[in-house]
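All remarks here apply to the structure that follows.
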Number of protein chains: 2
Amino acid sequence: MNGEAEKVRTLDELESEVIALFVRAADMLNLPRSVGELYGILFVSAVPLCLDDCRIRLNISKGSTSQGLKILRSFGAIRTVYVPGDRKDYYVAETSLRKIASGFASEQIQPHVASGDDRIGRIREMLDAYESDTKDDLTEKVELLENWQRRAGKALPLILKLIGK
Amino acid sequence: MNGEAEKVRTLDELESEVIALFVRAADMLNLPRSVGELYGILFVSAVPLCLDDCRIRLNISKGSTSQGLKILRSFGAIRTVYVPGDRKDYYVAETSLRKIASGFASEQIQPHVASGDDRIGRIREMLDAYESDTKDDLTEKVELLENWQRRAGKALPLILKLIGK
DNA sequence: CATGATGTTCAATATTTACTGAACAAACCG
DNA sequence: CGGTTTGTTCAGTAAATATTGAACATCATG
């Protein structure tokens with residue numbers, strides 16, 4: 001009988017479907033497909049996996065795997081676990097949405113918000129040293145920008161709060 | 001004297017800086033650069049602009065301009081204004097952050113969330129028709145997914161609330 | 001230290017995505 | 001209608017981005 005084989009086959013399909021889910025999520029967040037695949041394979045795995053495990057199962061290159069794991073580490077979407085008697089690094093997916101979201105926010109979003117702040121500051125300076133018949137209109141608009149920026153800055157921490165633990 | 005010329009020059013720099021701000025914002029939101037440029041030029045302009053005004057000022061093609069304005073319209077980031085005695089469509093930038101954000105959320109994000117729902121539904125079905133020694137672990141994980149999805153769905157409207165008017 | 005195992009980097013390449021411009025459709029107007 | 005203006009579409013091309021794989025670093029261990 002092929003009962004065993006069927007079980008494995010079904011698991012493969014389930015795995016693929018979960019991975020596909022994270023590939024789409026990665027796409028939404030502007031991350032490379034391989035990063036979604038890597039998070040997916042670690043998320044479904046019942047045991048920690050090392051670089052080569054991921055690489056072989058996903059059939060992607062060593063380079064992509066190394067780079068992808070680095071990205072996932074950078075915002076705390078995965079963490080390493082120590083496996084006694086093995087020199088390799090083993091990874092598991094972080095399952096706290098709060099941790100992942102806040103890591104993502106502070107590593108991938110916050111820098112953009114900050115550099116936006118800088119630019120608006122420069123725009124304000126240029127405006128102050130400027131005269132024209134549209135100055136009033138421009139001033140209003142720069143103030144609108146400053147307002148948006150303020151609200152965006154406040155929104156991030158609040159979003160994390162309401163995502164909860 | 002070149003007082004006039006200097007004023008214009010300064011305005012150009014200011015305009016460029018504002019446009020650059022929205023180009024970066026577009027990048028963050030995964031929208032083409034040209035879409036950021038278009039919103040930017042409309043945002044800084046004291047008067048409504050038509051397709052050709054935008055195209056010429058930004059030095060981009062008719063095709064990009066048409067496509068970009070369509071995208072901006074699709075989530076309400078710009079609106080058309082009627083100019084008597086002119087057959088062309090004129091556009092102004094929407095300045096209500098709430099309107100833009102909610103348009104963006106419902107047009108660009110919500111569809112992804114919905115298709116994620118579908119996929120998780122399918123994953124759940126596959127899991128229920130499945131047996132193995134890791135079923136318990138997988139069940140926990142699928143429940144985690146369902147939990148995330150639920151929270152993501154609730155977060156969107158809340159984010160809009162706290163962005164305010 | 002020499003070896004082999006593990007992971008990283010980066011130049012070359014493949015893939016994806018955006019942009020262009022010319023052909024086309026629609027609407028107005030004499 | 002025929003000509004003109006305005007805007008859209010889409011096949012081809014250009015530009016940006018991700019992936020590969022081989023060379024390189026690191027390090028534990030005999």
Side-chain angles (χ1 to χ4, degrees), chain A residues 19-20 22-42 48-75 77-92 108 111-112, chain B residues 19-20 22-42 48-75 77-92 108 111-112:
Chain A
I19 291 169
F22 287 112
V23 165
R24 275 191 335 88
D27 192 57
M28 249 180 56
L29 299 174
N30 238 339
L31 295 168
R33 158 187 197 83
S34 62
V35 168
E37 294 178 317
L38 284 164
Y39 185 83
I41 198 77
L42 288 169
L49 303 177
C50 68
L51 189 148
D52 253 33
D53 294 335
C54 295
R55 181 180 69 72
I56 291 165
R57 295 220 208 183
L58 296 173
N59 191 32
I60 61 181
S61 72
K62 234 174 141 197
S64 275
T65 311
S66 173
Q67 189 54 29
L69 291 172
K70 183 182 188 170
I71 290 169
L72 288 169
R73 270 180 337 240
S74 81
F75 59 88
I78 61 177
R79 67 209 148 70
T80 55
V81 295
Y82 176 64
V83 173
D86 198 324
R87 192 140 72 74
K88 294 194 282 295
D89 291 332
Y90 281 83
Y91 296 96
V92 293
Q108 317 275 312
H112 290 266
Chain B
I19 290 168
F22 287 112
V23 166
R24 276 192 335 89
D27 192 57
M28 249 180 55
L29 299 174
N30 238 338
L31 295 167
R33 156 186 200 85
S34 63
V35 168
E37 293 178 317
L38 285 164
Y39 184 83
I41 197 76
L42 289 168
L49 303 177
C50 69
L51 188 148
D52 253 32
D53 293 336
C54 295
R55 181 180 69 72
I56 291 164
R57 296 220 208 183
L58 297 173
N59 191 32
I60 60 180
S61 72
K62 232 174 144 197
S64 275
T65 311
S66 174
Q67 189 55 29
L69 291 172
K70 183 182 189 172
I71 290 169
L72 288 169
R73 271 183 334 243
S74 80
F75 59 88
I78 62 177
R79 58 209 156 72
T80 54
V81 295
Y82 177 63
V83 174
D86 198 323
R87 193 143 70 73
K88 293 193 284 296
D89 291 333
Y90 282 82
Y91 296 96
V92 293
Q108 316 275 312
H112 290 268

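Here is how names work: the chains are called A, B, and so on, in the same order as the sequence lines, proteins then strands, and each is numbered from 1.
Protein atom CG of B:Asn30 is 12 Å distant from nucleotide atom C1' of C:dA18, rounded to whole Å. Taking atom CG of residue A:Leu31 and atom P of nucleotide C:dT17, one finds them 14 Å apart after rounding to whole Å. Rounded to a whole Å, the CG atom of A:Leu58 is 15 Å from the C1' atom of D:dA18. Here the C1' atom of nucleotide D:dG7 and the CD1 atom of B:Ile71 are 16 Å apart, to the nearest Å. For the pair B:Arg55 CZ and C:dC19 P, the interatomic distance rounds to 15 Å; values are reported in whole Å. Rounding to whole angstrom units, CG of residue B:Leu38 and C1' of D:dG7 are separated by 14 Å. We find that CZ of B:Arg33 is positioned 12 Å from P of D:dA15, with the value rounded to whole Å. Put simply, CD1 on B:Ile78 is 12 Å from P on D:dG7, counting in whole angstrom units.
For the pair B:Asp27 and B:Arg24, the salt-bridge criterion is not met [side-chain N within less than 4.0 Å of a carboxylate O].
Considering only residues two or more places apart in sequence or on other chains, A:Tyr91 meets the side-chain hydrogen bond (donor to acceptor under 3.5 Å, both in side chains) condition with A:Arg73.
The shortest distance between the side-chain N/O atoms of A:Ser34 and the OP1/OP2 oxygens of D:dA18 is not below 4.0 Å.
Closest heavy-atom contact between B:Ser64 and B:Ile60: CB-CD1, 4.4 Å. In terms of heavy-atom proximity, B:Leu72 sits nearest to B:Tyr39 at CD1-N, 3.7 Å. Contact between B:Leu49 and B:Asp53 at its shortest, heavy atoms only, is CA-OD2, 3.6 Å.
The shortest side-chain heavy-atom distance between A:Leu58 and A:Ser34 does not fall under the 4.5 Å cut-off.
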Taking protein heavy atoms under 4.0 Å as touching, what does nucleotides 5-15 of chain C look like 5' to 3' if B marks base contact, S marks sugar-phosphate-only contact and - marks none? BSBBB------
